[in-house]
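Just follow the structure's listing: the first ligand is 1, and inside any ligand the first atom is 1.
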Amino acid sequence: MINKAEQIIIFDTTLRDGEQCPGATLNIDEKLAIAKQLSRLGVDVIEAGFAFASPGDFQAVQKIAQLVGTEDGPVICSLARAIKADIAAAAEALKPAVHGRIHTFISTSDIHLEYQLRKSRAEVLAIAEEMVAYAKSFMADVEFSPMDAARSDPQFLYEVLERAIAAGATTVNIPDTVGYMTPSEFGGMIKGIKDHVPNIDQAIISVHGHNDLGLAVANFLEAVKNGATQLECTINGIGERAGNASLEELVMALHVRRQYFNPFLGRPVDSEAPLTNIDTRQIYKTSRLVSNLTGMLVQPNKAIVGANAFAHESGIHQDGVLKNKLTYEIMDAQLIGLTDNHIILGKHSGRNAFRSRLTELGFELSETELNKAFVRFKDVADKKKEISDRDLEAIVNDEIQQTPDLFRVELVQISCGNNACPTATVTLRTPDGEELTDAAIGTGPVDAVYKAINRVVNVPNELIEFSVQSVTEGIDALGEVTIRLRHDSRVFSGHAANTDIIVASAQAYVNALNRLYASLQPQDKQEEVTA
Ligand code: KIV
Ligand code: ZN
């Protein structure tokens with residue numbers, strides 16, 4: 001719950017704007033798993049979805065509202081266009097949340113008004129006012145966004161914001177929808193709003209921005225210096241096109257440089273009080289969970305959570321870090337929850353050791369999830385002598401994954417090598433419980449396995465991304481495979497970890513096919529609306 005003054009409110013939109021990127025589609029259980037982790041991370045507001053967009057979105061918002069929107073939990077928010085039906089759907093889905101928020105929006109830039117909305121400024125002004133008031137009739141906490149604010153005429157923007165606040169908006173969110181602004185312009189826009197919107201002190205100023213020019217985080221930090229106190233961001237910066245401002249970068253910038261930012265929030269320069277409610281030690285785990293469930297890989301050089309973010313390659317740097325970490329490190333890896341990757345478990349480790357290490361790592365699994373994960377752990381421990389924290393994390397994330405269990409890999413067998421024709425035999429259990437076996441040849445073992453699987457599943461698709469990453473160093477490391485495939489214009493992702501990368505490849509492919517297959521079932525067929 002949002003409480004402390006002089007703090008920055010972290011509004012997470014991974015499940016709404018983040019989920020809008022191609023292939024990042026999550027099912028309800030996966031959204032719930034992410035929402036629970038976001039709550040452990042300590043975000044103040046979770047934008048759980050766009051309730052009107054589809055029955056699936058409605059149910060996801062409702063379930064998150066019910067299970068995560070508790071008394072001490074975060075505010076649960078649903079997006080809604082400035083249309084009565086959208087707002088009513090958001091209000092209905094949010095009913096179970098103790099703290100709910102409707103976030104309604106309408107475009108204000110002339111280019112959107114002319115070509116997309118085909119409405120005059122006067123009409124937009126009236127709609128904004130009327131729809132904020134309508135949202136307010138359902139709940140006290142209402143956020144209003146003038147979409148494409150960054151390219152809107154400032155005078156018109158001030159007028160719309162004034163009217164929205166007068167109609168009851170408690171937060172006004174300023175989006176750079178197309179990621180066009182530079183930091184000083186963005187900061188200037190926030191200052192302009194503070195100076196020219198007469199009732200601005202009655203609302204929280206929030207910012208929302210896309211990363212088309214790679215400036216979203218820098219823009220937000222300038223906004224903070226000029227009066228914005230809510231930041232809308234996503235885990236790993238995922239989102240539409242180049243993504244949204246990344247939560248972990250914003251939070252760590254505010255944390256590491258708090259002495260710089262303190263005065264802008266009216267605090268003494270050397271105040272050690274945290275600037276956000278985020279438990280930074282949950283950052284790495286949240287990043288891995290979102291990456292695994294959405295199939296959106298994190299680039300190795302990504303700030304804060306990339307695989308190389310804390311690696312020192314150059315001899316000079318290594319020498320310095322060995323003598324004193326501060327020579328080349330501005331933050332400790334443990335601060336974001338990166339452990340020393342101790343190897344503590346092996347094939348003789350029992351359930352209790354397994355359970356207690358998971359608890360130490362911050363995983364809260366149900367008894368069923370724990371049982372499933374323990375079976376996987378034993379299986380991996382049979383093949384890999386030493387199980388590290390990273391391995392545990394990969395195993396658990398794999399088990400938490402909630403892909404529909406339609407087709408299941410029962411057997412993968414390959415024959416390949418130089419001067420050999422790669423051949424694969426696979427057996428899949430079908431949704432009807434039947435076991436079907438087929439075989440194929442391919443250009444390599446993975447290609448052969450995928451062709452054999454296609455012969456069983458028989459749903460046309462195009463593989464658009466295939467990646468293998470090793471979870472730890474060492475020849476016996478677990479391999480994580482992430483794939484994305486396209487069917488019509490929709491993208492589906494799959495992820496799996498195994499000591500055998502061909503088996504992981506088969507499982508990741510079947511996971512993606514299961515998502516595709518589920519989407520072809522009647523309940524998912526309706527048109528979706530996106531913001
Ligand atoms: O980018 C954008 O403008 C949005 C709004 C709906 C806030 O996502
Ligand atoms: Zn957006």
Donor-acceptor contact below 3.5 Å, side chain Lys119 vs main chain Val124: no
Test item: Asp12 side-chain N/O and Ile10 main-chain N/O as donor-acceptor pair under 3.5 Å: no
Heavy atoms from other residues, nucleotides or ligands near CZ of Arg241 exceed 12 (cutoff 6.0 Å): yes
Residues which pass side-chain hydrogen bond (donor to acceptor under 3.5 Å, both in side chains) with His112, listed by chain and number, not counting sequence neighbours: Ser107, Asp148
Sidechain-backbone polar pair: Asp176 side chain, Met181 backbone, donor-acceptor under 3.5 Å: yes
Amino acids in close contact with ligand 1, where any non-hydrogen atom sits under 4.0 angstrom away: Arg16, Asp17, His103, Phe105, Ser145, Met147, Asn173, Pro175, Thr177, His208, His210
Protein N, O or S atoms lying under 2.8 Å from the Zn ion (ligand 2), listed by chain and number: Asp17 OD2, His208 NE2, His210 NE2
Lys84 to Tyr134 six-membered ring, cation-pi geometry met (6.0 Å, 45°): yes
Residues in side-chain hydrogen bond (donor to acceptor under 3.5 Å, both in side chains) contact with Gln469, at least two apart in sequence or another chain: none
Aromatic ring pairing His210/His208, orientation class (parallel under 30°, perpendicular over 60°, tilted between): tilted
Residues, nucleotides or ligands: over 12 heavy atoms within 6.0 Å of Arg40 CZ: yes
